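Remarks on the structure that follows.
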Amino acid sequence: MTTRSEYCVIACAEAWRDNGEVLASPMGLIPSFGARLAKRTFSPDLLLTDGEAMLVGLDGTAEGWLPYRRHLTMVTGGKRHVMMGASQIDRFGNQNISCIGDWAQPARQLLGVRGAPVNTLNNPVSYWVPKHSTRVFVERVDMVSGVGYDRAEAAGPSATRYHRLPRVVSDLGVFDFTGPGHSMRLASVHPGVTVDQVREATGFELAVADEVPFTREPTDEELRLIREVIDPKGLRDREVRG
């Protein structure tokens with residue numbers, strides 16, 4: 001029986017389908033497993049990174065040096081696809097990893113803006129949210145770290161040239177931005193999850209089709225790779241339960 005965490009790995013892997021030879025930069029455990037699965041199966045041309053300065057192999061060991069100048073060349077040319085986390089995300093894909101509350105006196109300080117603005121304006125960025133709730137999926141983020149569709153479009157062609165948010169994956173389902181005005185749309189729910197559950201856990205009105213499919217089933221070979229090769233210790237189940 002496929003577990004919820006395994007559906008999440010599959011959904012993250014699908015973010016890199018048909019990407020070709022780009023730098024896959026997964027940030028987080030399940031996105032990392034997804035990137036490795038994608039490279040082992042349907043996206044063999046992906047380049048994997050440790051997120052810092054090295055290119056890594058399928059087992060995570062270092063294969064080569066990724067100089068910062070080369071890294072920036074790939075970033076600014078759209079040849080990188082990051083999957084980041086999000087402390088908050090809104091209907092247009094604006095992401096916050098900086099602070100909760102008013103910027104002048106936040107209730108909680110988080111990571112800071114980091115590279116989110118450069119990432120979102122220069123290469124495709126997807127998001128991974130391990131615990132879907134109204135605290136994360138909000139009507140308006142407290143601070144914009146990653147740039148969403150509405151703000152990119154308002155800034156004009158210089159901001160939209162490489163801006164693309166392919167998908168958001170959470171422990172409840174998969175989302176894209178094909179709703180009205182590039183708003184978030186529910187693309188699939190993981191088996192065992194209902195559309196109403198997703199709506200109740202989301203702090204804004206989602207675009208939802210009349211019939212929402214389930215996240216696709218893994219193949220037998222994909223399940224074998226996840227369980228025996230990529231994550232034999234079952235670490236995925238610590239991040240997503242149920």
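Note that this is a predicted model, so its numbers are computed, not measured.
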For this session: Apply side chain to side chain contact (heavy atoms under 4.5 Å, CB included) to Y7 and T2, showing your working.
Result: CA-CA 7 Å; Y7 283 114; T2 305; 3.6 Å; yes

Under a 3.5 Å distance rule, please check whether [X] uses its side chain to pair with a backbone N or O of [Y] as donor and acceptor.
X	Y	result
Q95	V147	no
D142	I100	no
T120	A116	yes
E239	I30	yes
T194	Q197	yes
D231	R227	no
R199	L206	no

Atom pair [atom1] ([X]) and [atom2] ([Y]), whose distance is rounded to the nearest 0.5 Å:
X	Y	atom1	atom2	value
R40	I230	CZ	CD1	5.5 Å
Y127	I89	OH	CD1	5.5 Å
W128	L29	CH2	CG	9.5 Å
R36	I226	CZ	CD1	12.5 Å
S133	D171	OG	CG	9.0 Å
Q88	S145	CD	OG	9.0 Å

Shared hydrophobic cluster for [X] and [Y] (ILVMFWY, side-chain gaps under 4.5 Å):
X	Y	result
L165	I97	yes
V129	L110	no
F42	I10	no
M27	V113	no
F177	L121	no

For this session: Establish, yes or no, whether a centroid distance under 6.0 Å links the rings of F137 and F175.
Result: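 Yes, the ring of F137 comes within the 6.0 Å limit of the ring of F175, centre to centre.
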
For this session: Step through it carefully: locate the ring centre of Y149, locate the ring centre of F92, and say whether they are under 6.0 Å apart.
Result: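 For Y149 and F92, the ring centres are not under 6.0 Å apart.
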
For this session: List the steps and the verdict of salt bridge (Lys or Arg N to Asp or Glu O under 4.0 Å) for R167 and E14.
Result: CA-CA 9 Å; R167 64 172 45 196; E14 284 289 339; 5.2 Å; no

Give the minimum heavy-atom separation between [X] and [Y], together with the two atoms involved.
X	Y	answer
D45	K39	C-NZ, 4.4 Å
S158	A155	OG-O, 4.2 Å
F204	V138	CD2-O, 3.2 Å
M83	A15	CE-CB, 3.7 Å
A11	H190	CB-CE1, 4.3 Å
L46	A35	CD1-O, 4.1 Å

Going by atom types only, do [X] and [Y] share a side-chain donor-acceptor pair under 3.5 Å?
X	Y	value
N94	R140	no
T202	H132	yes
S25	H81	no
T215	S188	yes

Within a radius of less than 6.0 Å around [atom1] of [X], do more than 12 heavy atoms belonging to other residues, nucleotides or ligands occur?
X	atom1	value
R135	CZ	no
D102	CG	yes
E205	CD	no
R216	CZ	yes
E221	CD	yes

Problem set entry | Of V141, D90, V144, the residue whose pairing with N96 passes side chain to side chain contact (heavy atoms under 4.5 Å, CB included) |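 Of the listed options, the one satisfying the test is V141.
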
For this session: Kindly indicate, with the supporting measurements, whether the criterion side chain to side chain contact (heavy atoms under 4.5 Å, CB included) is fulfilled by R91 and E139.
Result: CA-CA 7 Å; R91 72 176 71 229; E139 183 67 41; 2.9 Å; yes

Beyond-backbone contact of [X] with [Y], side-chain heavy atoms, under 4.5 angstrom:
X	Y	answer
V193	V198	yes
C12	F33	no
R241	T3	no
S43	N19	no
R80	V82	yes
E6	L223	yes

For this session: Indicate yes or no: does E21 engage K79 in a salt bridge with an N to O separation below 4.0 Å.
Result: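 The answer is no: the pair does not qualify as a salt bridge.
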
Exercise. Would you call D176-R185 a salt bridge at under 4.0 Å N-O?
Worked result: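 Yes, this pair counts.
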
